[in-house]
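No experiment lies behind these values; they were computed from the predicted model shown. Side chains are part of it too, since the values below use all heavy atoms of this structure and drop only hydrogens, waters and symmetry mates.
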Amino acid sequence: MSRESDSDFMTQAVRLATKGIYTAHPNPIVGCVIVRNGEVVGEGWHAAAGEAHAEIHALEAAGDRARGATAFVTLEPCSHHGKTPPCADALIDAGVAEVVIGLEDPNPDVDGKGAKRLEEAGVKIRTGLLADQVERQLSGFLSRVTRGRPFVRLKMASSIDGCIAMASGESQWITGPEARSDVQRLRARSGAVLSGIGTVLADDPSFTVRDPNIDTRGRQPLRVVLDRKLRMPLSAEMLALPGQTLVYCCDDSKETPLRDAGAEVVAVDEVNGFVNAQTVLDDLGRREINDVLVEAGPVLAGHLLENDLIDELVIYQAPHIMGSETIGMFRTPSWTALADRRLLDIIDTRQVGPDTRITARFKG
């Protein structure tokens, strides 16, 4: 089997994994392809927590043809009993001769144990094929299990001159309907949508997935509001919507009305006039949130940026100029010199309707 073919098969497994991107949370998305004599005889992906893993679906599709075959799986097969039996045992029992693993699983429950069990059973193991692609695909899960906090993705919509609203606060709509539909997909893949009380008071957002074409099996992302002084109005739309609203504050003396309205209220420490965002992210990690989508104004966005709590930027840039009487993307009052700037790696640029979606991560 050529190395080119190996890459093709793992690429197919990576594509299959994305089929669970809206439903597998909090589990990682995983794809598996089983190949015998150069032919794909089975494929599968993990759809939802508690359901069969990708390897099991692929083995069921392959049937007896799995014996002597090679399994290409994006993430190391599990070796422990969780909500489902170990996938490593299933591969061994099916008689698979070789398993090619994209990325070893750092989850302490796995962490090399799956590969070891397969090797001890005489199955040939290879690891690291397209590891960079798999690592990016699993950035949220990997962040939670290695750093104890979710991967933070900040979404912004701006004009080409970097403005997110007019001085009056008017901002609907800077980008077109295609970009707004794309944001629905970002929400659907996220475990939580996070914002500040300023955005809630100004826009009364819902932060729900409303696109009927996106199948989340009814799951809505956790709605998270940072509200230091508990100014959250009981009339806020998100309190009346399906799903959970979680409010982090620094004074929970007024929490009872919000709790009665359906919100969970958690008091954390304060840092420089802000709810401690690091504490919030640590708590969300304990709640098994892999990915957080931040939809916020320039104050909270700037605070997260200054404290190096943003892992990825997704900027929808509209092809128009809004001028000088506007609000910029980030409020960073402590930045006074060019040396304060943050350097970016642009990892993806694509057209979304008339707008341009720029995805970037910070250098270093």
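Ion pair E295/R187 flagged as a salt bridge, since at least one NZ, NE, NH1 or NH2 atom sits closer than 4.0 Å to an Asp/Glu carboxylate oxygen. Using a 4.0 Å cut-off between a side-chain N of Lys or Arg and a carboxylate O of Asp or Glu, E51 and R217 qualify as a salt bridge. Under the 4.0 Å criterion applied to side-chain N and carboxylate O atoms, R228 and D251 are not assigned as salt-bridge partners. Under a 4.0 Å N-O distance rule, the pair R147/D282 does not qualify as a salt bridge.
Panel note: side chain S190, backbone V193; no donor-acceptor pair is recorded below 3.5 Å. Remark: the backbone N or O of V14 is paired with a side-chain donor or acceptor of Q137 at under 3.5 angstrom. The main-chain N or O of K124 is never found under 3.5 Å from a side-chain atom of E98 such that the two would form a donor-acceptor pair. A donor-acceptor contact shorter than 3.5 Å is absent between the side chain of D345 and the backbone of F362. Under the 3.5 Å distance criterion, the side-chain polar atoms of T74 are left unmatched by any main-chain donor or acceptor of A13.
Closest heavy-atom contact between D215 and T23: O-CG2, 3.5 Å. Taking every heavy atom of both residues into account, A165 and S171 meet most closely at CB-CB, 3.9 Å. The minimum heavy-atom distance between G323 and D161, with the atom names listed, is N-OD2, 3.1 Å. In plain terms, the two heavy atoms of L201 and P233 that are nearest each other are CD2-CD, 3.8 Å. The two atoms that bring A263 and L239 nearest to each other are CB-CD2, 3.7 Å, heavy atoms only. Residues S158 and I315 come closest through the heavy atom pair OG-CG2, 4.0 Å.
One side chain, D269 or T279, offers a donor N or O that lies under 3.5 Å from an acceptor on the other. Side-chain contact of N276 with Y248: a donor-acceptor pair under 3.5 Å is absent, judged by distance alone. Of the N and O atoms on the side chains of S79 and R117, not one donor lies less than 3.5 Å from an acceptor on the other residue. Under 3.5 Å, the side chains of Y316 and D182 contain a donor-acceptor pair of N or O atoms. R210 and S206 share a side-chain donor-acceptor pair at under 3.5 Å.
A cation-pi arrangement is present between R180 and W173, with the terminal nitrogen or guanidinium carbon under 6.0 Å from the aromatic centre and inside a 45° cone about the axis.
Using bins of under 30°, 30° to 60° and over 60° for the plane-to-plane angle, the ring pair H303/F274 lands in the parallel bin.
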Task: Worked verdict on R287 versus E264 for salt bridge (charged side-chain N to carboxylate O under 4.0 Å, His left out) - done: CA-CA 13 Å; R287 294 169 184 260; E264 180 181 355; 2.8 Å; yes
- [ ] Would you sort out whether R153 and D311 count as a salt bridge (charged side-chain N to carboxylate O under 4.0 Å, His left out), showing the intermediate values?
- [x] CA-CA 6 Å; R153 185 175 285 111; D311 297 306; over 6 Å; no
- [ ] Would you check, one step at a time, whether the test side chain to side chain contact (heavy atoms under 4.5 Å, CB included) holds for V266 with V268?
- [x] CA-CA 6 Å; V266 176; V268 298; 4.1 Å; yes
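The same ILVMFWY cluster, assembled from side-chain heavy atoms under 4.5 Å apart, contains both V275 and V224.
Taking CG of L304 as the start and CG of L226 as the end, the distance is 7.5 Å to the nearest 0.5 Å. Rounded to the nearest 0.5 angstrom, E288 CD and N290 CG are separated by 8.0 Å.
I34 has its side chain out of reach of E43: every pair of non-hydrogen atoms, C-beta onward, lies at least 4.5 Å apart.
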